[in-house]
Amino acid sequence: MYLRVKFWIKIFMENIYILAIESSCDDTSAAVMRGETVLSNVTAGQAVHEQYGGVVPELASRAHEQNIVPVVDAALKKAGIEKEQLSAIAFTRGPGLMGSLLVGVSFAKGLAASLGVPMIEVNHLQGHIMAHFIKEDGEEHKSPDFPFLCLMVSGGNSQIVKVNSYKDMEIVGQTIDDAAGEAMDKCAKVMGLGYPGGPIIDRLARKGNPKAYSFSKPHIPGFDYSFSGLKTSFLYTLRKLVADDDNYVDAHKEDLAASFEATVVDILMDKLYKASKALGIKRIALSGGVSANTALREAYKAYAKRYGWEIFIPKFGFTTDNAAMIGIVGYYKFLDKDFCAMDQPAFSRTTL
Ligand code: KG4
């Protein structure tokens with residue numbers, strides 16, 4: 001009897017297809033999930049922002065308008081399913097750029113209404129954290145048990161979150177000004193390196209000396225972060241150095257990148273360690289775009305070895321903005337029948 005029930009539950013879960021849509025910033029992404037398994041995860045980036053050294057909200061909304069139909073189409077094709085097979089549509093409701101969000105939210109509403117399927121709203125940050133639960137066909141996967149701590153570091157957020165369940169998350173610490181990714185992007189911008197700066201800093205830092213320069217670190221109580229002082233410290237150091245030598249940045253960009261990156265990683269890891277110690281939690285996950293950073297990943301592994309942490313780092317494709325992370329939350333909410341009404345507006349600001 002027990003085995004038969006288990007069998008039918010499995011059949012039921014494997015027939016839940018969720019289309020997820022993510023459009024909170026400058027990536028238009030659509031994914032199809034079968035249960036917890038991702039069948040497709042298609043993302044169109046927006047090169048248009050590179051020439052401006054940052055995301056231009058108006059241009060981002062327009063690009064989403066152009067991308068959304070082909071991206072959803074490609075996700076359905078790649079997953080090998082028809083839209084009529086979908087059980088629900090999950091979408092990022094916020095936080096993010098309002099114009100960008102509206103494209104995804106409106107598209108999701110229109111498609112859900114035309115198919116007569118429920119809609120599921122997802123918090124973008126919750127998606128980043130739950131990316132650890134996405135499974136891929138034919139691959140071994142280990143998700144963290146609850147509770148765990150997650151360092152969520154992206155272009156817009158830097159938070160330490162205690163995750164008690166997929167819908168019960170407590171912010172233990174967060175940035176009081178800039179996010180870690182924003183600091184990386186700004187550092188690259190003042191060195192004239194292009195956008196997004198994080199991956200460029202990462203690449204250069206691999207060839208540089210992380211101890212070549214020292215920059216000021218914040219003294220913030222508790223588990224909160226601050227990166228604006230570091231940004232200023234970097235800018236002032238650079239100003240002094242280039243005053244006597246126009247070529248300074250070009251000749252020392254590897255060392256500058258490595259030293260800046262090392263300072264960001266030190267700041268992030270220091271508070272994470274303190275939070276882990278204070279809360280007695282040694283299951284530690286990493287998520288958000290900055291989690292792609294090589295030095296941060298290395299520091300995670302070193303801390304794991306030193307302090308006996310069990311660490312979880314998502315695959316690259318699930319760290320930056322993508323729709324599969326929205327789909328996994330969508331699936332859990334589907335099982336809880338946690339659907340939303342048609343009049344749900346997008347929201348640009350708020351945390352978890
Ligand atoms: O999570 P994400 O894709 O978008 C937001 O929701 O913000 O994060 C984007 C951020 C950008 O600031 C980008 O520079 C940073 O993640 N980033 C990196 C790396 N790859 C992306 N920062 C450092 N090292 C990287 N390898």
Side-chain angles (χ1 to χ4, degrees), residues 22-29 41 43-46 49-50 52-55 57 60 64 92-98 100-101 104 122-132 150-159 161 174-175 178-191 193-208 210 225 227 230-231 256-269 285-300 313-326 348-352:
E22 153 64 34
S23 71
S24 64
C25 190
D26 60 339
D27 289 308
T28 319
S29 186
N41 190 25
T43 303
Q46 302 180 355
H49 307 288
E50 277 164 24
Y52 301 100
V55 178
H64 282 305
T92 304
R93 200 178 139 212
L97 299 172
M98 185 47 85
S100 292
L101 287 163
V122 176
N123 181 309
H124 179 81
L125 305 176
Q126 195 183 3
H128 270 305
I129 292 169
M130 293 305 290
H132 290 278
C150 185
L151 175 65
M152 225 284 295
V153 270
S154 67
N157 290 276
S158 299
Q159 298 178 331
V161 181
Q174 61 187 323
T175 180
D178 301 330
E182 202 177 340
M184 293 267 196
D185 293 340
K186 207 34 98 37
C187 160
K189 191 171 179 176
V190 298
M191 287 204 283
L193 296 176
Y195 181 85
I200 306 172
I201 296 287
D202 191 350
R203 189 165 33 80
L204 289 171
R206 306 282 61 77
K207 293 181 242 147
Y225 289 117
F227 290 99
L230 170 63
K231 244 169 48 180
L256 285 163
S259 303
F260 184 83
E261 181 193 75
T263 315
V264 171
V265 171
D266 270 0
I267 296 170
L268 290 172
M269 295 309 292
L286 179 61
S287 67
V290 183
S291 66
N293 184 263
T294 314
L296 184 57
R297 285 177 177 237
E298 280 167 6
Y300 245 66
I313 305 178
K315 277 194 171 171
F316 281 108
F318 301 139
T319 57
T320 48
D321 289 352
N322 70 92
M325 68 184 200
I326 304 304
S348 56
R349 274 177 189 278
T350 191
T351 53
L352 283 163

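Since we're looking at a predicted model, the values are computed, not measured. When a ligand or atom number is given, it counts from 1 through the structure's own listing order.
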Seminar exercise, completed: For atom 21 (C) of ligand 1, the closest protein heavy atom turns out to be G289 O, 3.4 Å

Exercise. Which atoms of ligand 1 have any heavy atom of A292 under 4.0 Å away?
Worked result: 20 (N), 26 (N)

Problem set entry | Contact (N/O only, under 3.5 Å) between G198 and ligand 1 | yes

Problem set entry | Those atoms of ligand 1 less than 4.0 Å from some heavy atom in H128 | 1 (O), 6 (O)

For this session: Under 4.0 Å from a heavy atom of G156: give me the atoms of ligand 1 that qualify, with their elements.
Result: 7 (O)

Problem set entry | For atom 15 (C) of ligand 1, closest protein heavy-atom neighbour | V290 CG2, 4.0 Å

Problem set entry | T320: numbered ligand 1 atoms lying under 4.0 Å from its heavy atoms | 3 (O)

Problem set entry | Derivation and outcome, side chain to side chain contact (heavy atoms under 4.5 Å, CB included), residues E22 and D27 | CA-CA 8 Å; E22 153 64 34; D27 289 308; 5.8 Å; no

Exercise. Any idea which heavy atoms bring D26 and Q46 closest together, and the distance?
Worked result: O-CG, 3.1 Å

Problem set entry | Contact summary for V55 and H49, nearest pair of heavy atoms | CA-ND1, 3.6 Å

Exercise. Less than 4.0 Å between a side-chain N and a carboxylate O, is that true for E261 and R206?
Worked result: yes

Exercise. Among side-chain atoms of D202 and T294, is any donor-acceptor pair under 3.5 angstrom?
Worked result: yes

For this session: Determine, using heavy atoms of P199 and all atoms of ligand 1, whether some pair is separated by less than 4.0 Å.
Result: yes

Exercise. Looking at atom 24 (N) of ligand 1, what's its closest protein heavy atom, distance included?
Worked result: N293 ND2, 3.0 Å

Exercise. Which heavy atom of H128 sits nearest a heavy atom of T319, and at what distance?
Worked result: CE1-O, 3.2 Å

For this session: To the nearest 0.5 Å, tell me how far M98 CE sits from S24 OG.
Result: 12.0 Å

Problem set entry | Nitrogen or oxygen of G181 less than 3.5 angstrom from that of ligand 1 | yes

For this session: Using a 4.0 Å heavy-atom threshold (strictly under), name the region of H124 that reaches ligand 1: side chain, backbone, both or neither.
Result: side chain

Problem set entry | Over 12 foreign heavy atoms within 6.0 Å of NZ, K186 | no

Seminar exercise, completed: A student comparing D185, I200, D321, D202 should find that the heavy atom closest to atom 11 (C) of ligand 1 comes from D185

Seminar exercise, completed: Counting from 1 in the order shown, the ligand 1 atoms closer than 4.0 Å to a non-hydrogen atom of S154 are 1 (O), 5 (C), 6 (O), 7 (O), 8 (O)

For this session: Do me a favour and list the nearest non-hydrogen protein atom to atom 10 (C) of ligand 1 with residue, atom name and distance?
Result: G155 N, 3.5 Å

Exercise. Can you find a heavy atom in the side chain of Q126 that is under 4.5 Å from one in the side chain of M325?
Worked result: no

